[in-house]
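So the structure is just underneath, and the comments pick up after that.
Lettering of chains follows the sequences in order, A, B, ..., and the numbering in each one begins at 1. Being a predicted model, the structure only gives us computed values, none of them experimental. As a basis for the values below, the full set of heavy atoms in this structure was taken, side chains included, without hydrogen atoms, waters or symmetry mates.
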Amino acid sequence: MLIYNTLARKKEEFVPAVPGKVRMYVCGPTVYDAAHMGHARSAVVFDVVFRHLMSKGWDVLYVRNFTDVDDKIIRRAQETGVESREVAERYIREFHEDMDALGVLRPSREPRATEHIQEIIQLVQSLLEKGSAYVVDGDVYFRVRAFSGYGKLSGRKLEDMEAGARVEVDKRKEDPFDFALWKASKPGEPNWESPWSPGRPGWHIECSAMGHSHLGVTFDIHGGGQDLIFPHHENEIAQSEAAFGKTFVRFWVHNGFVNIDQEKMSKSLGNFRTIRDVLSEHHPETIRMFLLSKHYRSPVDFTPEAMAEAGGALERIYACLKRIQEAVGPGDGDGDDWPARFVQAMDDDFNTAGALGITFEAVRQANRLLDEDPKKHAAELSGIRAAVAGMGKTLGLFGEDPEAFFQAASQKAVQDKGLDPEEIEMQIELRNQARKNRDFALADTIRDQLAQKGVILQDAQGKTTWKLA
RNA sequence: GGCGGCAUAGCUAAGUGGUAAGGCAACGGUCUGCAAAACCGUUAUUCCCCGGUUCAAAUCCGGGUGCCGCCUCCA
């Protein structure tokens, strides 16, 4: 299969370094606040990567860390008057709740920076011994100029960047781009004993340490948001390759941003939407559908219209599954070439948008057969259902019973809009009486009244069902 | 200033050398008492512009234009 490698700036054939085993690391959140849609995108994208790699029969060891010690956590702790450990615990718990709600599988391992202090100290020590780092007042900095490959991931040269550096430079550093491996703690801050000072790890070193400790010197895939390419991932490469003298990561994979009004969603712009906020308005699979209907490397614009569209698309698929279920009952069949075409799209750099196109083609074919003669095509319909379910397994979609899906959807909408389902059923009964009496004027009046409340009626096979507009 | 990405119908979105997927919307048809849903058909001689390579380009190369991101914590 092909994966776009940020390091090569092109798609490359992916084969695990160790046959049959994929080792993947993805940068997880810094746990100091509620997770937003940007975190959701990264998590869902790599969830699908994880699922797809597993579906290829590979044994995938997927590590996603928690950054649980950091300036922002410390600040948050000071602001709220609790221990920074408690801040981290709280947001780890919330993150898990959000991810579970979104149907994101738990990674194989979820290490925390604070659980790897010894490995971090060893790595820093080794960099000092190799002359790649130096100590200043209890801090330890990485000596960027000592690593010749610096800039290879982000495609920059140190010389080119200096003009653009807008940050106040710490005069104690040899080079403005040297970065902290170890930070001496101020009084009252969390700290660990080290040869240099009581302190804590810098941001970048934890990922290198955890990556190596769980996945080895070299591993297959390292992922994260595009905003991590520089400096975070660039620095990880520098540390790791300076320490071990070997390739750190074979494939670098980066997901695009979530935008609001064509602008990057971010904490600093204040235009972010938290996952739980969005979950209160939309079905979790609608969120996944929205995120997966665009290629993972492209920016995706979060708008009410886009969410409505994703919800509609999801309903179309569930409606078809429901029809199949009602028409042919349980049972499996041969999926024809739908699964193969789906896999082909996914094998091309996780082209979920293209893959969903295949799903919709399968759905149309199923509807066609259902319109024609469900009995005659029972085997093929079962096959399509199995195929769609299989695609859903990779995408983390279509996992609910179709009947339950629609019931839950109307229940939630009913709650939100303050409608009474029994009342609606009664109106439907009245209307059907009127229809029986061929009093279509009355029937249409009832239907119009319901429509004004946002209730759309559907007459099918002698039964009337309803949904919300 | 440096680096990178993107530009495909009304909207959205795949396609990266062989003659434009899919979703939404619109219009016509089938079905229906009428609708809705579903299905069928129509909707991009053309893929931001200008050159070039090629038998053949949305796809490759060169030059423009526009938008976005990174260069500072950020998924």
Side-chain angles (χ1 to χ4, degrees), chain A residues 6 9-11 26-30 32-33 35-46 70-72 75 151 154-157 159-168 177 203 223-232 234 254-259 262-269 272 289 293-295 297-301 303 305-306 308-310 312-317 319-320 323 341 345 348 351-372 435 438-441 443-444 447-448 451 456-461 464-467 469:
Chain A
T6 306
R9 277 172 255 288
K10 60 176 193 230
K11 292 183 198 172
V26 174
C27 286
T30 300
Y32 73 105
D33 204 352
H36 58 65
M37 285 296 289
H39 298 104
R41 183 172 198 195
S42 176
V44 168
V45 162
F46 288 102
D70 145 284
D71 291 348
K72 290 190 290 283
R75 196 188 320 137
S154 53
R156 1 180 149 234
K157 302 186 189 87
E159 302 74 55
D160 295 337
M161 286 193 294
E162 286 179 272
R166 278 178 265 155
V167 180
E168 207 174 319
F177 288 95
W203 175 36
Q226 277 170 356
D227 45 1
L228 298 180
I229 294 173
F230 190 89
H232 187 52
E234 194 71 63
H254 294 97
N255 65 276
F257 301 130
V258 175
N259 290 163
Q262 331 261 35
E263 240 182 349
K264 179 184 167 182
M265 176 184 293
S266 75
K267 299 286 288 182
S268 42
L269 283 168
F272 60 93
M289 184 63 117
S293 61
K294 190 136 180 176
H295 190 92
R297 279 186 283 119
S298 307
V300 61
D301 213 30
T303 62
E305 293 75 27
E309 191 170 305
L314 189 63
E315 275 185 33
R316 178 171 161 80
I317 290 168
C320 176
R323 282 186 79 190
R341 292 178 62 201
D348 184 5
N351 185 354
T352 52
L356 277 167
I358 310 293
T359 311
F360 281 108
E361 285 184 48
V363 162
R364 189 200 290 139
Q365 172 65 5
N367 280 324
R368 205 180 280 149
L369 299 174
L370 285 158
D371 279 0
E372 195 188 302
R435 290 173 74 210
R438 305 197 66 79
D439 183 356
F440 296 121
D444 289 352
R447 186 172 61 196
D448 290 347
I456 306 294
L457 299 188
Q458 298 180 344
D459 301 321
Q461 290 140 25
T464 301
T465 54
W466 60 276
K467 65 166 196 172

Q. For A:Phe360 and B:G22, are the ring centres under 5.5 Å apart with planes inclined under 30°?
A. no
Q. Counting distance only, does the side-chain N/O of A:Thr359 pair as donor-acceptor with the main-chain N or O of A:Ala355 below 3.5 Å?
A. yes
(Q) Please report the distance, rounded to the nearest Å, between NE2 in A:His295 and P in B:A13. (A) 13 Å
Q: Could you check which nucleotide pairs with B:C67 in any of the strands shown, counting Watson-Crick or G-U wobble with both distances under 3.5 Å?
A: B:G5
**Q.** Nearest-Å distance once atom P is located in both B:G23 and B:C60
**A.** 27 Å
Q | Selection from B:G15, B:A38, B:G69 that lies nearest to any side-chain heavy atom of A:Arg323 | A | B:A38
Q: Using atom CG of A:Asp301 as one end and atom P of B:G5 as the other, report the distance to the nearest whole Å.
A: 21 Å
Q: Could you check whether A:Met37 gets within reach of a base, just the sugar-phosphate, or nothing at all, counting any heavy atom under 4.0 Å?
A: nothing
Q. Counting only Watson-Crick or G-U wobble pairs whose two distances fall under 3.5 Å, which nucleotide matches B:A44?
A. none
Q: Specify the separation, in whole Å, of atom CD1 of A:Ile456 and atom C1' of B:A37.
A: 11 Å
Q) Looking only at atom C1', what distance separates B:C49 and B:C55, rounded to whole Å? A) 26 Å
Q.
Quick check for you: among B:A36, B:C34, B:A13, whose closest atom lies nearest to any side-chain atom of A:Asp444?
A. B:C34
**Q.** Minimum heavy-atom distance between A:Lys264 and A:Asp227, given as atom pair plus value
**A.** NZ-OD2, 3.6 Å
(Q) How close do A:Thr352 and A:Lys294 get, counting heavy atoms only, and between which atoms? (A) OG1-O, 3.7 Å
**Q.** Residue A:Arg447, side-chain heavy atoms: nucleotide from B:G33, B:C34, B:C70 that is nearest
**A.** B:C34
Q | Identified pairing partner of B:G17, criterion: Watson-Crick or G-U wobble below 3.5 Å | A | none
Q) Relative to the 5' end of RNA chain B, which residue comes earlier, A:Glu309 or A:Ala441, by the nucleotide with the nearest heavy atom? A) A:Glu309
Q. Any side-chain heavy atom of A:Val44 within less than 4.5 Å of one from A:Met37?
A. no
(Q) Tell me which nucleotide, if any, is Watson-Crick or G-U wobble paired with B:A58 when both distances must be under 3.5 Å. (A) none
Q: Would you indicate what A:Thr465 reaches in the nucleic acid, counting non-hydrogen atoms under 4.0 angstrom: base, sugar-phosphate, or nothing?
A: nothing
Q: For nucleotides B:A9 and B:C27, find the distance between their C1' atoms and express it as a whole number of Å.
A: 15 Å
**Q.** Nearest-Å distance for atom pair NE2/P, residues A:His254 and B:A75
**A.** 13 Å
Q: Starting from P on B:U32, measure out to CG on A:Asp371 and report it in whole angstrom.
A: 12 Å
Q. Heavy atoms under 4.0 Å, any strand shown: does A:Val258 hit a base, just sugar-phosphate, or nothing?
A. base
Q | Any A:Arg316 side-chain nitrogen or oxygen under 4.0 Å from OP1 or OP2 of B:C39 | A | yes
Q. Which part of the nucleic acid does A:Gly38 contact within heavy-atom distance under 4.0 Å: base, sugar-phosphate only, or nothing?
A. base
(Q) By nearest atom, which of the nucleotides B:U16, B:A75, B:G23 is closest to the A:Asp348 side chain? (A) B:U16
Q: For B:C31 and B:A36, measure between their P atoms and round to the nearest Å.
A: 15 Å
Q. If we only count heavy atoms from C-beta on, is the A:Gln226 to A:Phe257 side-chain gap below 4.5 Å?
A. yes
(Q) Could you tell me how far B:G66 sits from B:U30 if I compare only their C1' atoms? Round to whole Å. (A) 45 Å
Q.
Taking only the P atom of each, what is the distance from B:U45 to B:U53 in whole angstrom?
A. 26 Å
(Q) If you define the side chain from C-beta out and look only at heavy atoms, does anything of A:Arg435 sit under 4.5 Å from A:Asp459? (A) yes
Q. Which comes earlier along RNA chain B counting from the 5' end, the contact point of A:Val363 or that of A:Val300, where each point is its nearest nucleotide?
A. A:Val300
Q. What nucleotide among B:A14, B:A35, B:A75 has an atom nearest to a side-chain atom of A:Asp459?
A. B:A35
Q. Checking all strands, does A:Ser293 fall into the base, sugar-phosphate, or nothing category for heavy-atom contacts under 4.0 angstrom?
A. sugar-phosphate
Q | Shortest side-chain distance from A:Asp227, nucleotide among B:A14, B:A75, B:A36 | A | B:A75
Q. If the C1' atom of B:U42 is compared with that of B:C3, how far apart are they to the nearest Å?
A. 46 Å
Q: Kindly give the heavy-atom pair with the smallest separation between A:Ala353 and A:Ser293, and that separation in Å.
A: CB-O, 3.3 Å
Q. Base, sugar-phosphate, or nothing: which does A:Ala353 touch, judged by heavy atoms less than 4.0 Å apart?
A. base
Q: Can you figure out which of B:A75, B:A14, B:G4 approaches the side chain of A:Thr30 most closely?
A: B:A75
Q | Euclidean distance for P, B:C47 against B:C11 (whole angstrom) | A | 16 Å
Q.
Students often get this wrong, so: under 4.0 angstrom with heavy atoms, is A:Gly224 touching a base, only sugar-phosphate, or nothing?
A. sugar-phosphate
Q: Round to a whole Å and report the spacing from CZ of A:Arg368 to C1' of B:A38.
A: 12 Å
**Q.** Check ion pair A:Asp444-A:Arg447 (N to O, under 4.0 angstrom)
**A.** yes
Q) Does A:Lys294 make a side-chain N or O approach to OP1 or OP2 of B:G23 shorter than 4.0 Å? A) no
Q.
Mind checking if A:Glu361 touches a base, just sugar-phosphate, or nothing, with heavy atoms under 4.0 Å?
A. sugar-phosphate
Q.
Taking atom CZ as the centre, does A:Arg438 end up with more than 12 heavy-atom neighbours from other residues, nucleotides or ligands that are less than 6.0 angstrom away?
A. no
Q: Round to the nearest Å and state the distance from A:Arg435 atom CZ to B:C34 atom P.
A: 11 Å
Q) Mind checking who B:C24 pairs with, Watson-Crick or G-U wobble, both distances under 3.5 Å? A) B:G10
Q) Whom does B:U53 pair with, Watson-Crick or G-U wobble, provided both distances fall under 3.5 Å? A) none
Q | Side-chain donor/acceptor of A:Arg41 to base of B:A75, under 3.5 Å | A | no
Q.
Given B:G15, B:G4, B:C39, identify the nucleotide with an atom nearest to the side chain of A:Asn367.
A. B:C39
(Q) Expressed as a whole number of angstroms, how long is the span from A:Leu457:CG to B:A37:P? (A) 12 Å
Q: Just call it for A:Gly151: base, sugar-phosphate, or nothing, with non-hydrogen atoms closer than 4.0 Å on any strand.
A: nothing
(Q) When you measure from the side-chain N and O atoms of A:Asn259 to the phosphate of B:C68, is any distance below 4.0 Å, counting only OP1 and OP2? (A) no
Q. Is B:A38 paired to anything, Watson-Crick or G-U wobble with both distances less than 3.5 Å, and if yes, which nucleotide?
A. B:U30
